[in-house]
Amino acid sequence: MLEDITIRVNGEPREVQGGLSVDELLRSFDLQPGMIVVERNGDILRRERYPEVRIAPGDSLELVHFVGGG
Amino acid sequence: MLEDITIRVNGEPREVQGGLSVDELLRSFDLQPGMIVVERNGDILRRERYPEVRIAPGDSLELVHFVGGG
Amino acid sequence: MLEDITIRVNGEPREVQGGLSVDELLRSFDLQPGMIVVERNGDILRRERYPEVRIAPGDSLELVHFVGGG
Amino acid sequence: MLEDITIRVNGEPREVQGGLSVDELLRSFDLQPGMIVVERNGDILRRERYPEVRIAPGDSLELVHFVGGG
Amino acid sequence: MATLTDKPLLDPPLTIAGRALRSRLMVGTGKYRTNQEMVEAIEASGTEVVTVSVRRVDLDRSNEEGILHALDPEKYLLLPNTAGCYTADEAVRYARLARAAGFTDWVKLEVIGDQETLLPDVAATLAACKELVDDGFTVLAYTNDDLITALRLEDVGCAAVMPLASPIGSGLGLINPFNIRTIKARLEVPVIVDAGVGTASDAALTMEQGVDGILMNTALAEADDPVRMARAMGLATEAGRLAYLAGRMPRRERAIPSSPTIGMLE
Amino acid sequence: MATLTDKPLLDPPLTIAGRALRSRLMVGTGKYRTNQEMVEAIEASGTEVVTVSVRRVDLDRSNEEGILHALDPEKYLLLPNTAGCYTADEAVRYARLARAAGFTDWVKLEVIGDQETLLPDVAATLAACKELVDDGFTVLAYTNDDLITALRLEDVGCAAVMPLASPIGSGLGLINPFNIRTIKARLEVPVIVDAGVGTASDAALTMEQGVDGILMNTALAEADDPVRMARAMGLATEAGRLAYLAGRMPRRERAIPSSPTIGMLE
Amino acid sequence: MATLTDKPLLDPPLTIAGRALRSRLMVGTGKYRTNQEMVEAIEASGTEVVTVSVRRVDLDRSNEEGILHALDPEKYLLLPNTAGCYTADEAVRYARLARAAGFTDWVKLEVIGDQETLLPDVAATLAACKELVDDGFTVLAYTNDDLITALRLEDVGCAAVMPLASPIGSGLGLINPFNIRTIKARLEVPVIVDAGVGTASDAALTMEQGVDGILMNTALAEADDPVRMARAMGLATEAGRLAYLAGRMPRRERAIPSSPTIGMLE
Amino acid sequence: MATLTDKPLLDPPLTIAGRALRSRLMVGTGKYRTNQEMVEAIEASGTEVVTVSVRRVDLDRSNEEGILHALDPEKYLLLPNTAGCYTADEAVRYARLARAAGFTDWVKLEVIGDQETLLPDVAATLAACKELVDDGFTVLAYTNDDLITALRLEDVGCAAVMPLASPIGSGLGLINPFNIRTIKARLEVPVIVDAGVGTASDAALTMEQGVDGILMNTALAEADDPVRMARAMGLATEAGRLAYLAGRMPRRERAIPSSPTIGMLE
C-alpha cells in the first residue's frame, strides 16, 4: 500500500493514494469514467488510457462532464 | 296541360308552366329541393310544403342556397 | 332683517338669510359672480339676472365653475 | 518654351507642358489651388509647396476636392 | 416530431352555446381557386367550423356553385354569415333564410357600415343581434375592437363576440392587441377574433392575447399554397393558445445566462 | 385536429453538415426547475438536438448533476456549447473537452464579449471558428445579427450560423427581422436563430423570415408551464416554417370581401 | 438653431369652425402638481387652446381652485369638456353650464361608456352631439378610432372629430395608425387625435398620419419635467406636421449610398 | 408659437472633442436635386455640421461640382467622410487627403463591408480608427449597432461612435432601440446615430433613447420637399432630446381620468 500523494483536482489540492490509475481515481470519487473527460496537466487524456495512466505527485487534473446549458 | 304563367324568380321575370308546385318548379330548373331555400312573396316557405304549394301568376320567388363565403 | 331660510346648494342643505339675491348669495360665499354659473331648480340662470332673482325657501342651486381638466 | 511631357492625372494619361509647377498645372486646368488637394506619386503635397514643385515626366497625380456626401 | 394526439390534456376544448369544438380555428370558404383546393385546405387546417354565405342560385349553371356539393355537413358545422348586408333588416332576412336550410340555428352576424373598409355598423349590428337572439338564433357577431360595443353585444345575448384584428381581407394582422386583450378580460362569452390575420405569427400572437379562437378566410385562400398555409394556421392557433396557457417568461432588458456560471475551468 | 404525420410532405428536413434533423427546433437544457420537467419539456418540443455545457464535476455531489443521467444520447443529439467563454483559446479548449466525451464533433461556439449583455465578441468568435474548423469540428456559431460577420463565419467554414433574435435570456423576441432576413438571403449554410425568442409568436415570426431553425432555452425553462410552452414552441416553429413556404397573402391597406358580392337578394 | 418664426410659410394654420389657430397642439389643464407648473407648461407648449372641466365650486375653499384665477381667457381659448359624463343628457347639461360661463360655445364632448377604460359610448356620443349641434354648439367630439362612428359624427354636424390614440391617461401612444389614417382620409372636418399620446415621438408619428392636430394632458402633467415635455410636444407636433407635408422618402429594404460612387481614387 | 430662443436653458449643447455644437442634428450633402435646394435645407435644419466626401475633380467641368462653391466653411463645420472605402488603408488614405484640405482634423470614418447593404466592416473600421487616432485625427466612426464593437471603438480613442438606425439610405428608421439604448448606457463618448432615419418620428424616437445626436442625409435629400423635411428633422431632433430629458409619463394598460372625478352634479 503506497503512501498518499498531493495532486490538484479541479483547482483544489487533494491527498490521494499514490500509484492510482486515472480510472481508479475516478472510481474513488464515485464517478463513472465513461461520463467524465479528464484533462491532465493541460492535455486531454483519451478515455481508453484511463486504466493505464497513473497519477503522479503534483499532477493537475480537470475532471469535467456535461451539465445542463443553453 | 295548363298554359304558361309569368312569375318573378330571383328578380327576373319567367314564363313557367301554370299549376306547378314549388317542388316541380325547382326540379324544372334542375335544382335539388333539399339544397334550396325558397322565399315566396317575402315569406320563407318551409321545405315540407314545396310539394303542395302551387305557383300562382305574379308570384315572386327567391331561390337561395349556400355558397363559399368568409 | 329677514329670518333664515333653508335651501339646497351643491347638494347640501344650507341655512341662508331670506330674501337674498343670487348675486348677494354668491358674495356671501365669497365667490365672484362673474366666475360662477348658477343652475337654479334645474334651469340655468343668466348672469345678468343674478342681482334681481331672489332665493326662495326650498330652492335647489348648483354653483359651478371651471377647474383643471383634460 | 519647353516641350510637352506625359503624366498621369486622376488615372488618365495627359500631355502637359514640361516644367510646370503644380500651381501652374492646376490653373491650366482652371482649378483654384486653394480648393484642391494633390497627391503626387502616392504622397500628399502640402499646399504651400504647389508653386515650387515642378511636374516631371511620368508623375502620377491625384487631384481631389470635397463633393456632396453623407 | 410534435404530434397533437394528447392535446386535450393540454387545452380544454372551446365551447360555444354548449357545443364543444375540436379546434379553435374557424375558416371561411370564399375566394379559393378551386373547390378541391378549398376542401384540402379546410382538411389541413383541422377546423370543425366553416362559414358559408347565402346567395341566389344561378339558374343557368347551378350545379357547380353550391357549396354543399363540396362540403359534407356531417363533417363540418356550416356557419352561415350575413356578409354583404348593410342594414339590420337585411341581415335578419339572410339569417332566417340560412336557418331555413335546416342545418343550424347558428349565424355569424355581419352588418357592414362602409363598402370601402367593410367595417361593421355597430349600432345596426346591435339591433340585428337583439332581434335574432329573441328569434332563437345562436348569434356570433362580427364587430370592431371597441370594448363598449362588445359589452353591449354580450348584454343582448350574443353567443360569441367576434372583434376584428384588422379589416376583412387586409392581412394587416393584429394591429391593436391591447383592445383585444381588454375585450377578452371583460367579457364572459367566448371571444373569437375575426378578420385581418395574415400569416401564422399573426394567429399565434392573437391567441396569446387569451382569446378563445380565430376565424380567417383570405389568409388561406390567397396564400400561394393554401394547404400549407392552412396547416400552418392550425398549428399556430394551437401554439398561441398553449403559449398563453403556459405563461410566458418575463421580458427583460438584460441578459441571463442559460448555462451555469460556476464550474468553469481555471 | 391538426396532426403532423404527413409533415415530411410539407417541409423537407433541415440538414446540417449532412445530418437530416426531424425538427427545426433545438432546445437548451439549462435552468429547469427539475430534470424531470426538463425531460418532459424536451419530449413535448419534438426536438432532436439539445445543447449541453461542459463543466467541472462537483466532487462532493456528482451523481445528481450530470445531464447524461437524465438524457439518452441515443435519442437526442447532445450539442455541446462553449457558453461562458470570453476568449477564442478558452472556447477552443472547452470544445476539445466536449469532443473528447465521444458523442459528437459538433460544437455550438459561443465567445462572449460582455458579461452584462452576453453579446458575442465577433472577432474572437471568428478566430475560434477558424481554429475549430481546421481541427475537424462541425461548428455552429452563435453571433449577433451583423451580415458581414455572418458572411465571414461562412467563409471560414462554419456549418451553421446562429444569429441572435435578442440577448440571451431576455425574451425580447425578434427585434430586427430585417437583419435576420438579410443574413438568410445572403448565406448558403443554414441559419439558426439563437437566443431571445420568448413565446410562440416570436418563434413563428422568426421562422417566417425564412431561416432554417431556432434554438431556445429560457423561453421553455422559465415558462410557468415548460411542457405546454415546449409543445407551443414546437408547433409555432413548424407553423412559421410552413407559412414561409406557403407564401403569405399580400398586406393591403384596404378591405376585400371574403363572400361573393353578386347573388344578393333584392 | 431652428426657429419657427417663418412657420406660417411652411404650414397653413389649423382652422376649426372658422377660427384659425396658431398651434396644432391643444392641451388639458388637469393633474398638474401646481398651477404655476401648469401655466409654464402651457406657455412652453405654444398652444392656443386649453381644455377645462365644469365642476361644483367647493364652498369651503373656492378661491384657490378656480382655473380662471390661473389662466387668462384673453390669451387662451378655454375649451370646456364634458369629462365624467356617462349619458347623453348629462353631457348636454354640462355643455350648457359651460356655455353659460360666457366664454365660448365650443365644447369638447365626452360621453364615457366604461369607468375602467374611459372608452367612449359612441351611441350616446352621437345622440349628444346631434342635440348640442341643434342647440348651436360648436362640438369637438371625443370618440374611438372607428371610421363608421367618425363618419356619423360628421353627418350630425360635428366641427371636429377627436379619435383616441389609446386610452385616456395610458400613454400607450398611437396604437392603430391605420385607423387614424383612414378616418382622416374619409372625413372633411378636422381630425384632432385626443388621448393616449405619451411622448414626443408619439406626437410626431400621430401628426405624420395627416391629422390636423393633437390634444393631450397626462403626457405633460405626469412628465417628471412638464415644462420641458410641453416644449418637446409643441416641437414634435409641428415636426410631424411638416414631415407629413414634406412627403417622406420611400422605405426600402436595401441600402443606397449617400456619397458619389464615381470619382474614387485608384 | 413654440420658439427655441431659450433652448440653451433646456438642453446643454452637445460637445465633441471639446467643441460645443449648437444643434444635435448633423446632415449630409449628397443626392440633392440642386445645390440651391441643399443649402436651403441645411439652413432650415439648423445644423452646424455637414458631411462631405473626397473625390477626384472632374477635369472637364470642375467649377460646378465642388461643394465649397455652395457652402461657407466659416458657417458650417465640414466633416469629411470616407464613404465608399472598403479597406482600412483606403479609408486612412481618404482621411489624410481630407485633412490636407486644411479645414479640420475631424473625420467621419466609414469602412464598408458589403456593397449591397453598405453595412460596416467592423474589424477594418477598428483598425482604421486606431491608425487615424494615432495620427492625430478626431474620429467619428460609423458602425453597426453592436455594443461590443462600440466599446472597442471607444477603447481605441474614437471621439464619437456612430451606430446605424438602419442601413444607409433605407429609411427604415430605428429598428433596434434596445441596442442603441444599451450602447448609449455603456459608452462615455458621445453616441450619434447615423443612417436609416426616414422621417420626423424616427428622429424623435431615436433621440428619446438618450443618444447625443443624429446624422442623416437621404431623409432630407429624397423628401418631396427637402426644406420642410429639414425643418421637421431639426424640430424632431430637439423634441426627442427634450422629451428624453423631461422624463416621460409611465405607460399603463389602464385609463386615468384627466379631469376631476369629484365635484360632479347630482
Side-chain angles (χ1 to χ4, degrees), chain G residues 1-4 7 10 22-23 28 30-31 46 53 55-56 81 83-84 117-118 167-172 198-201 204-205 208 217-219 222-225 228-229 231-232 234-236 238-240 242-243 245-252 255-261 263-265, chain H residues 1-4 7 10 22-23 28 30-31 46 53 55-56 81 83-84 117-118 167-172 198-201 204-205 208 217-219 222-225 228-229 231-232 234-236 238-240 242-243 245-252 255-261 263-265:
Chain G
M1 182 192 67
T3 71
L4 312 187
K7 165 172 170 276
L10 295 177
R22 66 175 170 261
S23 167
K31 302 193 293 185
S53 296
R55 291 293 183 268
R56 282 172 166 172
N81 66 31
T117 58
L118 300 180
I168 293 169
S170 69
L172 294 177
T199 188
S201 54
L205 179 65
E208 285 164 358
N217 185 338
T218 309
E222 279 195 8
D224 297 338
D225 179 344
R228 265 201 181 80
M229 185 57 84
R231 172 62 52 86
L235 297 171
E238 189 169 340
L242 291 176
L245 294 173
R248 62 157 293 156
M249 66 175 288
R251 282 185 187 78
R252 43 175 85 95
I256 305 279
S258 301
S259 305
T261 51
M264 301 296 288
L265 308 183
Chain H
M1 184 193 63
T3 70
L4 313 188
K7 165 171 169 277
L10 294 177
R22 67 174 169 262
S23 167
K31 302 195 294 185
S53 295
R55 292 293 183 270
R56 281 171 167 174
N81 67 29
T117 59
L118 301 179
I168 293 170
S170 70
L172 294 176
T199 187
S201 54
L205 179 65
E208 285 165 358
N217 185 337
T218 309
E222 279 195 10
D224 297 337
D225 179 344
R228 266 200 180 80
M229 185 57 85
R231 172 63 51 87
L235 296 170
E238 190 170 339
L242 291 175
L245 294 174
R248 63 157 292 156
M249 65 175 287
R251 282 184 187 78
R252 44 175 84 95
I256 305 278
S258 301
S259 305
T261 51
M264 300 296 287
L265 307 183

Contact winner vs chain G - H:Ala200, H:Pro167, H:Ser170, heavy-atom pairs under 4.5 Å: H:Ser170

The reported gap from OG1 in G:Thr218 to CD1 in H:Ile256 (rounded to nearest 0.5 angstrom) is 8.0 Å

Pairwise distance OG1(G:Thr261) to CZ(H:Arg55) - rounded to 0.5 angstrom: 8.0 Å

Comparing G:Pro257, G:Ala236, G:Gly240 against chain H, the one with the most heavy-atom pairs below 4.5 Å turns out to be G:Pro257

Heavy-atom pair count under 4.5 Å with chain H, highest-scoring of G:Thr199, G:Leu172, G:Leu265, G:Leu245: G:Leu265

Using a cut-off of under 4.5 Å for heavy-atom pairs, which of H:Gly30, H:Pro250, H:Ala243 has the most such pairs with chain G? H:Ala243

Inter-residue atom distance G:Leu118.CG - H:Ser259.OG, 0.5 Å rounding: 9.5 Å

Quick check: closest heavy atoms across G:Ala246 and H:Arg228, and the distance to 0.1 Å? CB-CB, 3.6 Å

To the nearest 0.5 Å, how far apart are CZ in G:Arg231 and CD in H:Glu238? 7.5 Å

What residues, two or more places apart in sequence or in another chain, satisfy side-chain hydrogen bond (donor to acceptor under 3.5 Å, both in side chains) together with H:Ser201? G:Glu208

Any G:Leu235 side-chain heavy atom under 4.5 Å of H:Leu242 side chain: yes

Minimum heavy-atom distance H:Ser258-G:Asn217, with the two atoms named: CB-ND2, 3.5 Å

Counting heavy-atom pairs under 4.5 Å with chain G, the top scorer among H:Gly84, H:Gly171, H:Ala204 is H:Gly171

Partners passing salt bridge (charged side-chain N to carboxylate O under 4.0 Å, His left out) against G:Arg252 (at least two apart in sequence or in another chain): H:Glu222

Which bit of H:Thr117 is near chain G, if near means a heavy-atom gap under 4.5 Å: side chain, backbone, both or neither? backbone

